[in-house]
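Some notes on the structure that comes next.
All values below come from the heavy atoms of this structure, side chains included, with hydrogens, waters and symmetry mates left out.
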Number of protein chains: 2
Amino acid sequence: MVRPREFDEQQALSAAMQVFWEKGYEATSISDLTTRMGIQRPSLYAAFGGKKELFETVLHKYTQISLTYIENLLSRAPSAREAVRIYLQGIIEGGGGRQTNLGCLCINTMVELAPHDQSFAHLTKDYQLRITELLRQTIEDGIRKGELASGLNAVAIARALTVSAVGLAVTMKSAPEHAYVENAVTELLTLLV
Amino acid sequence: MVRPREFDEQQALSAAMQVFWEKGYEATSISDLTTRMGIQRPSLYAAFGGKKELFETVLHKYTQISLTYIENLLSRAPSAREAVRIYLQGIIEGGGGRQTNLGCLCINTMVELAPHDQSFAHLTKDYQLRITELLRQTIEDGIRKGELASGLNAVAIARALTVSAVGLAVTMKSAPEHAYVENAVTELLTLLV
DNA sequence: ATGGTTACATACCGATGAGTACAGAAAGTT
DNA sequence: AACTTTCTGTACTCATCGGTATGTAACCAT
């Protein structure tokens with residue numbers, strides 16, 4: 001009813017996302033966050049609860065954005081194979097607000113926090129399953145349209161590609177040779193033949 | 001010349017490896033280390049330099065052990081395809097001292113530290129390249145022996161499989177369904193057909 | 001304009017972080 | 001047995017951690 005927030009919550013969340021993305025959860029301090037979010041300490045606690053709660057909110061926002069982005073990417077592609085190629089290529093080149101060598105926030109979280117926190121294990125696993133589901137639909141559409149061989153096991157391929165996409169996102173963090181990852185992607189696409 | 005160390009350095013390093021493996025670099029404190037290594041704070045600094053130096057030593061030891069283990073695994077398998085299958089299966093089941101849901105220390109490091117530290121980026125990338133090289137040799141041996149089709153692109157397949165192996169190790173950290181990863185591995189093995 | 005409420009900003013809290021000084025204990029050498 | 005050297009263990013430093021108390025400024029309804 002009185003005195004509205006002076007900062008935009010979504011904008012602050014985006015800033016927090018950037019910081020967690022760059023530094024990881026443990027290495028990010030509250031001071032890092034308040035500086036980049038442009039707000040004061042007590043405001044952070046009042047608006048977002050605390051470091052862990054803020055991170056959960058940030059991660060949730062990230063998965064929403066990321067999955068929507070991937071869904072659009074896949075559905076707008078001219079063919080099933082192109083869809084998968086564009087998706088994997090995007091991981092290499094960092095499309096959709098990604099910075100290549102920072103990988104995927106959700107995958108980073110899977111590595112850092114999933115083994116120690118059940119809720120993060122569940123959240124990150126769920127993210128991965130949703131990607132698999134999107135890929136499965138893309139592949140099945142391709143089969144239905146006659147672009148892909150009817151004998152393909154859409155579920156198995158979607159799972160293999162998801163695992164590979166995770167590996168690709170992680171590999172990017174070590175700044176690999178361009179030819180290395182391009183080559184891997186090309187080979188992975190033969191799963192669709 | 002006088003008073004030898006009261007602790008075994010290699011044993012202490014193994015203990016430190018365990019801790020870093022479980023908690024990651026940032027989340028591990030010196031107290032965590034000294035407790036599990038069974039030594040006192042100043043002994044740690046005297047013997048290993050400091051947290052970062054200790055971690056570098058630990059990571060070096062880890063890559064040595066891991067690569068030797070993988071090399072043996074691949075070379076002892078009855079066939080090229082079996083070799084790759086056993087390797088990927090090992091990631092799922094946690095062979096060779098691995099604990100499944102902790103993933104691979106070197107891959108964890110790639111995620112946590114590679115983007116912020118050039119030396120770790122190099123070290124982890126090198127680890128990955130060595131695995132690729134081992135896989136390439138295995139595949140080429142298979143082709144030479146007639147187990148695998150002569151038209152296969154050994155380099156590309158080795159790269160794709162390495163990326164997938166990385167993804168698999170990461171995926172394991174979120175405690176996925178057994179069928180999910182088994183399925184993915186089976187599908188990935190079709191790259192060798 | 002004013003009262004009641006909420007956000008902001010400074011300054012602080014205890015706990016813990018990495019790293020070290022220093023004294024006492026143990027070993028090899030003579 | 002005494003001396004020198006190195007390791008061990010306690011206790012400390014200073015910085016920073018996550019989180020909070022408190023006073024002040026800003027807003028809205030009346």
Side-chain angles (χ1 to χ4, degrees), chain A residues 1-61 105 108-109 112-113 116-120, chain B residues 1-60 105 108-109 112-113 116-117 119-120:
Chain A
M1 359 172 146
V2 294
R3 191 172 182 187
R5 291 245 156 77
E6 288 186 4
F7 61 92
D8 181 277
E9 290 201 17
Q10 291 307 312
Q11 207 168 329
L13 277 180
S14 295
M17 189 187 295
Q18 271 298 320
V19 184
F20 281 127
W21 205 343
E22 288 168 15
K23 310 189 68 166
Y25 178 77
E26 288 289 347
T28 298
S29 72
I30 301 287
S31 298
D32 291 332
L33 289 166
T34 54
T35 301
R36 293 276 291 274
M37 296 166 83
I39 66 177
Q40 299 296 331
R41 254 171 138 69
S43 299
L44 188 153
Y45 284 92
F48 305 107
K51 188 183 179 186
K52 190 180 174 184
E53 290 83 354
L54 172 60
F55 184 70
E56 283 167 351
T57 306
V58 160
L59 190 58
H60 184 256
K61 180 184 166 94
L105 177 59
N108 296 351
T109 304
E112 186 180 1
L113 301 178
H116 311 294
D117 190 307
Q118 194 116 29
S119 75
F120 284 122
Chain B
M1 359 169 143
V2 294
R3 192 172 181 187
R5 291 249 156 75
E6 288 186 3
F7 60 92
D8 182 277
E9 291 201 19
Q10 290 307 313
Q11 206 167 330
L13 277 179
S14 295
M17 189 186 295
Q18 273 297 321
V19 184
F20 282 126
W21 206 342
E22 288 168 15
K23 312 190 68 167
Y25 178 76
E26 288 288 348
T28 298
S29 72
I30 301 288
S31 298
D32 291 332
L33 289 165
T34 53
T35 301
R36 293 276 292 274
M37 295 167 84
I39 66 176
Q40 299 296 331
R41 256 172 138 69
S43 299
L44 188 154
Y45 284 93
F48 304 107
K51 189 184 177 185
K52 189 179 174 185
E53 290 82 353
L54 171 59
F55 184 70
E56 282 168 352
T57 307
V58 159
L59 190 58
H60 185 256
L105 177 60
N108 297 349
T109 303
E112 187 181 0
L113 302 178
H116 312 293
D117 190 308
S119 75
F120 284 122

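- For B/Arg41 against D/dG9, a side-chain-to-base donor-acceptor contact under 3.5 Å is absent.
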For a side chain to side chain contact (heavy atoms under 4.5 Å, CB included) check, start with the C-alpha distance between B/Phe55 and B/Thr28, then their side-chain angles and the critical distance, and finish with the verdict. CA-CA 10 Å; B/Phe55 184 70; B/Thr28 298; over 6 Å; no

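- Straight-line distance from the CG atom of A/Leu33 to the P atom of D/dT16: 17 Å, rounded to whole Å.
- If you measure from atom CD1 of A/Ile39 to atom P of C/dC8, you get 8 Å, rounded to the nearest angstrom.
- Heavy-atom neighbours of A/His116 NE2 from other residues, nucleotides or ligands within 6.0 Å: above the threshold of 12.
- In this model, the phosphate group of D/dT16 is not approached by any side-chain N or O of A/Ser29 to a distance below 4.0 Å at OP1 or OP2.
- B/Asp8 places its CG atom 15 Å from the P atom of D/dC7, with the value rounded to the nearest Å.
- Within the 4.0 Å cut-off from OP1 or OP2 of D/dC7, not a single side-chain nitrogen or oxygen of B/Ser43 is found.
- Rounded to a whole Å, the CD atom of B/Glu9 is 14 Å from the C1' atom of D/dT6.
- In this structure, B/Thr28 reaches the sugar-phosphate backbone alone: every heavy-atom distance under 4.0 Å involves primed, P, OP1 or OP2 atoms, never a base.
- For A/Gln40, whose side chain is taken as the heavy atoms from C-beta onward, the closest listed nucleotide among D/dG19, C/dG19, C/dC8 is C/dC8.
- When each of A/Leu33, A/Asn108, A/Leu59 is tested with A/Phe20 by the rule side-chain contact (heavy atoms from CB on, under 4.5 Å), just one qualifies, namely A/Leu33.
- Distance B/Leu44 CG to C/dG17 P: 14 Å, rounded to the nearest Å.
- The nearest whole Å value for the distance from the CZ atom in B/Phe48 to the P atom in C/dA18 is 16 Å.
- Rounded to an integer number of Å, the gap from A/Ile30 CD1 to C/dC12 C1' is 16 Å.
- Counting non-hydrogen atoms of other residues, nucleotides and ligands closer than 6.0 Å to CD of B/Gln11 gives a total of 12 or fewer.
- Rounding to whole angstrom units, OH of residue B/Tyr45 and C1' of D/dT13 are separated by 13 Å.
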